[in-house]
Amino acid sequence: MQLPVISRISESAPRRRLPPWLKRPLPSGDFSRTVDIVANSGVATVCQDARCPNLSECWSKRHATFMILGHKCTRRCHYCAVETARPDPPASDEPDRLADAVARLALRHVVITAVARDDLDDEGAGHFAQCVRAIHHACPTTTVEVLPADFHARVDCIRLLCDAVPELYNHNLEMVERLTPQFRPQGKYCRSLDVLRVAKQAAPQILTKSGLMVGLGESIEELQQAFRDLRGVDCDVLTLGQYLQPSLDRHAPVDRYYRPEEFDDLARYARSLGFVSVAAGPFVRSSYNAAEVFSESRKRIGINSLVP
């Protein structure tokens, strides 16, 4: 298969030197225990498969973001490190193995994401719902945040997942509208907005959340428009982080690195639009400090506990 133009460009483009504020801590604390629990579960994590820069920090705190439905994605996005290949059939025992890992990590809040499964009739929504129910059954005080693919904005799939009553429905817009066809050819900007709109309509009590990356060539005005678009579908929580190139040969190069004060300015603008909570910074990701972001959001809407 011929590589897309953007990948060929990235092969000849040297990796930018990281600015001083983009440094991460070494493993400490409970890192080894987290490694063991994740390995024994047999469930993939986006921390590993997407090469998250926060892995050392989060795993040292026994925080992990699980990626269900395997580690092979049916889509190819030019910013993502997850493998694109024909996926294996869903593992029927995965919900129980996942719930056991959540219990052993003693997570008070867990984020579950998944590869896109365009090969399945329900695009994986039913399996996703089983995982949510298994965690709620095994860990009644643990809140669950789901981060699925777009399900092509199918109302039946989104409702199927919402019927499992996750406490938060997260779906990332990823980038501004102009750049979406270039970097995310199998996704659609408006379709992602539709996902959040349908989720909020299907279950108004569930918080909705979305995230964007910066540093791909967008303008500040385009980012502000994306924030307004998210508020237009009643998205409650926003995350904003720096795009970091996973590899030199297969992924889009970084256009520029935003300074911490630029993230602060963008966060202030987003809050002015009425988001319940905004997390913005160079290393912010959808699942980074997700428990704290969720707790803050619930407090702001008058729910004072993480307990469902």
Side-chain angles (χ1 to χ4, degrees), residues 1-11 13 15 34-35 37-56 58-59 64-95 97-98 101 110-128 131 146-152 157 170-175 179-188 191-192 211 213 215-216 241-254 285-288:
M1 178 184 297
Q2 185 179 13
L3 289 173
V5 171
I6 193 166
S7 294
R8 294 202 300 270
I9 292 174
S10 69
E11 287 176 359
R15 187 187 294 272
T34 303
V35 170
I37 292 173
V38 169
N40 290 333
S41 76
V43 182
T45 68
V46 73
C47 321
Q48 296 165 300
D49 285 67
R51 303 179 191 176
C52 179
N54 301 314
L55 186 150
S56 293
C58 294
W59 284 30
T65 298
F66 291 96
M67 188 170 72
I68 60 172
L69 290 164
H71 62 274
K72 299 174 184 175
C73 189
T74 54
R75 302 187 188 181
R76 182 184 297 277
C77 299
H78 301 315
Y79 55 84
C80 183
V82 175
E83 179 185 6
T84 303
R86 184 185 298 276
D88 300 316
S92 61
D93 65 338
E94 185 173 56
R97 288 188 282 110
L98 172 61
V110 62
V111 181
I112 313 169
T113 188
V115 293
R117 292 299 303 258
D118 299 330
D119 58 311
L120 301 176
D121 289 341
D122 68 354
E123 302 191 33
H127 187 86
F128 227 124
C131 288
V146 295
L147 178 54
D150 62 26
F151 296 141
H152 289 87
C157 294
N170 185 350
H171 177 68
N172 286 332
L173 197 56
E174 303 290 9
M175 62 199 63
L179 297 177
T180 298
Q182 180 182 1
F183 294 100
R184 194 172 164 228
Q186 292 162 288
K188 292 184 179 179
R191 189 164 70 198
S192 287
M213 299 175 290
L216 284 165
Q242 173 71 52
Y243 167 67
L244 297 173
Q245 186 178 357
S247 72
L248 280 175
D249 60 337
R250 295 189 299 111
H251 298 96
V254 176
R285 300 293 185 267
S286 292
S287 55
Y288 182 60

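For Gly124 against Phe151, the heavy-atom pair with the smallest separation is C-CE2, 4.4 Å. Nearest heavy atoms, Val82 versus Cys73: CG1-CB, 4.2 Å. Minimum interatomic distance between Asp122 and Gly126 (heavy atoms only, all atoms of both residues): OD2-N, 2.8 Å. The two residues Met67 and His71 come nearest to each other via the heavy atoms CE-CA, 3.8 Å.
Residues Val111 and Ser286 are not in side-chain contact: their nearest non-hydrogen atoms beyond the backbone lie 4.5 Å or more apart. Residues Pro90 and Arg117 have side chains in contact (heavy-atom distance under 4.5 Å, counting atoms from C-beta outward). In this structure, Leu120 and Leu69 have side chains that are in contact, with non-hydrogen atoms separated by less than 4.5 Å. A heavy-atom distance below 4.5 Å is found between the side chains of Pro87 and Asp119. Proximity of Pro95 to His127: side-chain heavy atoms (C-beta onward) are separated by under 4.5 Å at one or more points. Residues Arg285 and Thr65 form no side-chain contact, since every pair of their non-hydrogen atoms from C-beta on lies 4.5 Å or further apart.
Rounding to the nearest 0.5 Å gives a distance of 8.5 Å between CG of Leu216 and CD of Gln242. A distance of 10.0 Å separates NZ of Lys72 from CZ of Arg86, quoted to the nearest 0.5 Å. Taking OG of Ser192 as the start and NE2 of His171 as the end, the distance is 3.0 Å to the nearest 0.5 Å. Here CZ of Arg184 is found 8.0 Å from CG of Asn172. Values are rounded to the nearest 0.5 Å. Between His152 atom NE2 and Glu123 atom CD the span is 5.5 Å, to the nearest 0.5 Å. Separation of atoms CG (Leu173) and CE (Met213) is listed at 10.0 Å; rounding is to 0.5 Å.
Using a 4.0 Å cut-off between charged nitrogen and carboxylate oxygen, Arg75 and Asp118 count as a salt-bridge pair.
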Practice prompt. For Ser41 and Phe66, run side chain to side chain contact (heavy atoms under 4.5 Å, CB included): C-alpha distance rounded to whole Å, both residues' side-chain angles, the deciding distance at 0.1 Å, then the answer.
Written response: CA-CA 10 Å; Ser41 76; Phe66 291 96; 4.2 Å; yes
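When the shell of 6.0 Å around CG of Asp93 is examined, it contains more than 12 heavy atoms from other residues, nucleotides or ligands.
A side chain to side chain contact (heavy atoms under 4.5 Å, CB included) with Ile112 holds for exactly one of Ile68, Asn170, Leu147; it is Ile68.
Within the 3.5 Å criterion, the main-chain N or O of Met175 finds no donor-acceptor partner in the side chain of Tyr243.
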